[in-house]
Amino acid sequence: MTPTATATTATAAAPAPGVAAGPAGARSKTGTVEIRCPDGGWLAVCGPDDLTPGRGVAALLPDGSQAALFLDRAGRIHAIGNRDPFTGAQVLSRGLTGSAAGRPFVASPLLKQRFDLATGDCLDDPEVSVPAYGVRVRGPERKAAQGAGRAH
């Protein structure tokens with residue numbers, strides 16, 4: 001199944017510009033993963049079952065920026081900015097995941113700097129970070145906030 005991104009409020013869903021909808025749309029039997037956008041609204045991205053531990057999914061946000069979603073091995077969903085601040089490339093969703101001191105991170109596939117999936121902080125350079133977005137799962141079976149996120 002191909003993950004999709006749709007513009008949404010808590011009750012309505014419509015395809016986002018420039019994003020192809022998958023065969024099942026953003027809703028699944030287990031709910032919908034939503035990202036808290038910089039403007040404060042929520043964006044439906046995919047179903048929780050579209051996420052695979054250790055693999056990222058990129059989503060286009062309404063303001064034109066990108067987010068990278070990850071399902072960690074503990075079953076928590078995280079969203080951070082997809083732009084690698086060291087190279088400017090939109091690649092963090094393609095990075096390698098792991099954990100350090102019990103905290104999940106993604107390592108950029110280019111220069112390998114590690115970013116904390118909960119905070120967006122770079123573990124290798126304390127002066128650098130990427131946005132961390134709140135994530136929730138909404139739907140018939142689950143309504144749980146996954147993370148508060150923070151703006152950068």
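The chain is numbered in sequence order, starting from 1.
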request  = First locate atom CD of Gln66, then atom CG of Asn82, and finally report the distance between them rounded to the nearest 0.5 Å.
outcome  = 5.0 Å

request  = To the nearest 0.5 Å, tell me how far Thr119 OG1 sits from His78 NE2.
outcome  = 10.5 Å

query = Counting N and O atoms only, with roles assigned by atom type, does the side chain of Asp121 sit under 3.5 Å from a partner on the main chain of Ser129, one being a donor and the other an acceptor?
reply = no

Do [X] and [Y] come within less than 4.5 Å of each other through their side chains, counting heavy atoms only?
X: Thr87; Y: Ser108; answer: no
X: Val128; Y: Phe86; answer: yes
X: Cys37; Y: Asp63; answer: no

Considering non-hydrogen atoms only, spot the tightest contact between [X] and [Y] and give its length.
X: Gly120; Y: Phe115; answer: O-CD2, 3.7 Å
X: Leu51; Y: Leu71; answer: O-CD2, 3.6 Å
X: Ala74; Y: Asp72; answer: N-OD1, 2.9 Å
X: Pro48; Y: Gly31; answer: CD-O, 3.4 Å
X: Leu60; Y: Leu43; answer: O-CD2, 3.5 Å
X: Tyr133; Y: Ser65; answer: OH-OG, 4.2 Å

message = Enumerate the salt bridge (charged side-chain N to carboxylate O under 4.0 Å, His left out) contacts for residues 77-96, please, sequence neighbours excluded, ordered by first and then second residue.
response = none

Pair up each side-chain donor or acceptor in residues 96-106 with any protein partner under 3.5 Å, not counting sequence neighbours, and list the distances.
residue : atom : partner : partner atom : Å
Arg103  : NE   : Asp116  : OD2          : 2.7
Arg103  : NH2  : Asp116  : OD1          : 3.3
Arg103  : NH2  : Asp116  : OD2          : 3.2

task = Walk me through it: do Asp50 and Val57 pass the test side chain to side chain contact (heavy atoms under 4.5 Å, CB included)?
result = CA-CA 9 Å; Asp50 292 326; Val57 172; over 6 Å; no

